[in-house]
Amino acid sequence: MRGLWGAAGIRCAAELGNLTNAFTVFFGGTGLAVLFLVVLFGLLFLLAKQIAKHWDFPEEPDETEPETAGPWKSHPFYPVCKRARAAYLVLCFDEVLKAAGQDLERWKWMRNELWSVTRRPEEEWAARVCDLLPAETAFAPTYEELLELRRESPYPEYSFNAAEWKYFHSLYNSIDENAMEQLAFVLSQMADIILDDCGDGETPYTPDSLRFIDETQDYLKSHNIPLPNDENALAHLMKQRNPHSGKPFDPPVKLS
């Protein structure tokens, strides 16, 4: 087969050489012959482009519009950065607290910690949120025992000191089991929306992470908890547009 292609190539080269010689004789010079060939191939190239316009050739994918986006492109949070998506779930966290009859001021320290997503490095923030999960405080009766258990786990470092741990440990003990389960769900969704597809090679707009917003909204509705409805806060979040985590921005709510 290789010999067949080689013979064909030699034959084409010979015929092209004969054609060039013919052009040289016809136009009276090598320069004119070369010019003619350049013009000829240029016209053929333009003709090919015109033909291509009428055929449905696949376009090169846009780096900022990944093919995996699919139906997610119509999602309201699609153009919004990951920080702002997580911040929306902090608003959902506040709604769970209100539905449970909790005083937001009493939860001020934890809420400030969650709202730091607008300024803290996102992966560091997500790790701290994971350490705030009720499961991370409930399985150990004391802070010292918690640290001991963590040292033997794949994640030996713990983000908070003893006073901080005792503070949110007491908060969890003051609410009923249903409310704690709801808070735990929203907290885990916050961390997941940041950690999903993060790091090198992250897909622009991380379309897959949008499901955590939809899942959280469905969860709140199924438990008769209102969705966030602060128009100013929502408008502020929707302005934070970036295909990745985006730059730090001011929290959409006033923090005391």
Side-chain angles (χ1 to χ4, degrees), residues 62-66 69 72-73 75-98 104-133 136 155 157-161 163-165 167-168 171 183-217 227-256:
D62 188 340
E63 288 185 359
T64 61
E65 295 289 339
W72 291 117
K73 285 187 179 181
H75 195 287
F77 279 88
Y78 177 75
V80 175
C81 70
K82 291 176 78 172
R83 285 181 187 275
R85 294 178 188 179
Y88 173 77
L89 297 187
V90 181
L91 291 176
C92 292
F93 182 88
D94 284 353
E95 293 299 327
V96 173
L97 289 176
K98 294 175 189 175
L104 296 185
E105 185 65 18
R106 185 164 175 264
W107 290 73
K108 180 175 67 174
W109 180 90
M110 184 177 287
R111 293 175 64 240
N112 279 331
E113 181 68 32
L114 297 178
W115 281 119
S116 69
V117 69
T118 64
R119 63 184 183 276
R120 194 189 293 274
E122 60 276 7
E123 292 183 35
E124 175 190 332
W125 176 86
R128 293 172 72 87
V129 170
C130 290
D131 284 347
L132 283 174
L133 288 168
E136 286 297 312
Y155 307 100
E157 299 297 326
Y158 190 69
S159 303
F160 303 102
N161 60 37
E164 293 167 335
W165 178 84
Y167 162 76
F168 54 76
L171 287 178
L183 292 175
F185 177 83
V186 178
L187 285 170
S188 65
Q189 296 289 94
M190 285 182 210
D192 286 341
I193 210 167
I194 291 293
L195 296 175
D196 185 75
D197 192 25
C198 69
D200 295 339
E202 178 181 271
T203 305
Y205 298 101
T206 52
D208 186 61
S209 74
L210 292 168
R211 63 191 170 92
F212 298 114
I213 290 178
D214 291 349
E215 290 171 0
T216 303
Q217 290 176 329
L227 298 181
N229 60 3
D230 185 332
E231 294 183 0
N232 291 331
L234 294 173
H236 182 66
L237 294 181
M238 300 305 289
K239 291 178 182 176
Q240 313 305 320
R241 301 193 169 206
N242 188 278
H244 299 289
S245 294
K247 297 179 180 179
F249 60 91
D250 294 330
V253 298
K254 185 177 181 181
L255 301 175
S256 55

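The figures here come from the full heavy-atom set of this structure, side chains too, leaving out hydrogens, waters and symmetry mates.
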Note to self: With heavy-atom distances below 4.5 Å as the criterion, would you say the side chains of Leu237 and Val80 are in contact?
What the structure shows: no
Checklist line | Least distance between heavy atoms, Cys130 atom then Ala191 atom | finding: SG-CB, 3.8 Å
Notebook entry, point to check: What's the shortest heavy-atom distance between Leu234 and Pro228, and which atoms?
Noted result: CD1-O, 3.7 Å
Next item on the list: Show your reasoning for whether side chain to side chain donor-acceptor pair (under 3.5 Å) applies to Arg128 and Ser116.
Entry: CA-CA 10 Å; Arg128 293 172 72 87; Ser116 69; 5.7 Å; no
Note to self: As a test of understanding, state which of Glu202, Gln240, His244 forms a side-chain hydrogen bond (donor to acceptor under 3.5 Å, both in side chains) with Lys82.
What the structure shows: Glu202
Check: Can you find a heavy atom in the side chain of Lys73 that is under 4.5 Å from one in the side chain of Tyr205?
Finding: no
Checklist line | Derivation of the side chain to side chain contact (heavy atoms under 4.5 Å, CB included) call for Val117 and Val129 | finding: CA-CA 10 Å; Val117 69; Val129 170; over 6 Å; no
Notebook entry, point to check: Hey, what do you get for CG (Leu183) to OG (Ser188), rounding to the nearest 0.5 Å?
Noted result: 11.0 Å
Check: So do Leu171 and Arg106 actually touch side chain to side chain, heavy atoms under 4.5 Å?
Finding: yes
Margin query: Is the distance between the ring centroids of Phe160 and Phe168 under 6.0 Å?
Written below: yes
Check: Is there a side-chain contact between Trp125 and Arg83, using heavy atoms and a 4.5 Å cut-off?
Finding: no
Next item on the list: Show your working on side chain to side chain contact (heavy atoms under 4.5 Å, CB included) between Leu227 and Glu95 and close with a plain yes or no.
Entry: CA-CA 7 Å; Leu227 298 181; Glu95 293 299 327; over 6 Å; no
Margin query: Could you measure the distance from the CG atom of Asn112 to the CH2 atom of Trp107? Nearest 0.5 Å is fine.
Written below: 14.0 Å
Next item on the list: Inspect the surroundings of OH in Tyr167 and state if more than 12 heavy atoms from other residues, nucleotides or ligands are less than 6.0 Å away.
Entry: yes
Next item on the list: To the nearest 0.5 angstrom, please state how far the CD1 atom of Ile193 sits from the OG1 atom of Thr206.
Entry: 7.5 Å
Check: Taking all atoms of both residues into account, what is the closest heavy-atom pair of Leu133 and Ala184, and its distance?
Finding: CD2-O, 3.7 Å
Check: When rounded to the nearest 0.5 angstrom, what is the spacing between CG in Leu132 and CD in Glu113?
Finding: 6.0 Å
Next item on the list: Apply side chain to side chain contact (heavy atoms under 4.5 Å, CB included) to Asp214 and His75, showing your working.
Entry: CA-CA 10 Å; Asp214 291 349; His75 195 287; 2.8 Å; yes
Margin query: Quick one, His236 and Val253 - any side-chain contact, counting heavy atoms below 4.5 Å?
Written below: no
Item checked: Side-chain H-bond candidate by donor/acceptor type, Gln217 with Tyr88, under 3.5 Å -> yes
Notebook entry, point to check: Nearest 0.5 Å, what's the CD-OG distance between Glu164 and Ser159?
Noted result: 9.5 Å
Notebook entry, point to check: Quick one: OH on Tyr78 to CG on Leu210, what's the gap to the nearest 0.5 Å?
Noted result: 8.5 Å
Note to self: Please check: side-chain N/O of Arg85 versus main-chain N/O of Phe77, any donor-acceptor pairing under 3.5 Å?
What the structure shows: yes
Item checked: Check against side chain to side chain contact (heavy atoms under 4.5 Å, CB included), Asp196 and Arg211 -> CA-CA 10 Å; Asp196 185 75; Arg211 63 191 170 92; 4.0 Å; yes
Notebook entry, point to check: Of the non-hydrogen atoms in Phe249 and Ala84, which two are nearest, and what is the gap between them?
Noted result: CZ-CA, 3.9 Å
Checklist line | Qualifying residue, where the test is side chain to side chain contact (heavy atoms under 4.5 Å, CB included) with Thr216 and the options are Leu89, Asp192, Val96 | finding: Leu89
Check: Is there side-chain contact between Arg111 and Asp94, with at least one heavy-atom pair below 4.5 Å?
Finding: yes
Item checked: Donor-acceptor contact below 3.5 Å, side chain Gln189 vs main chain Phe212 -> yes
Next item on the list: Measure the shortest side-chain to side-chain distance between Trp165 and Asp131 over non-hydrogen atoms and say whether it is less than 4.5 angstrom.
Entry: no
Note to self: Any heavy-atom pair between the side chains of Asp208 and Thr203 that's under 4.5 Å?
What the structure shows: no
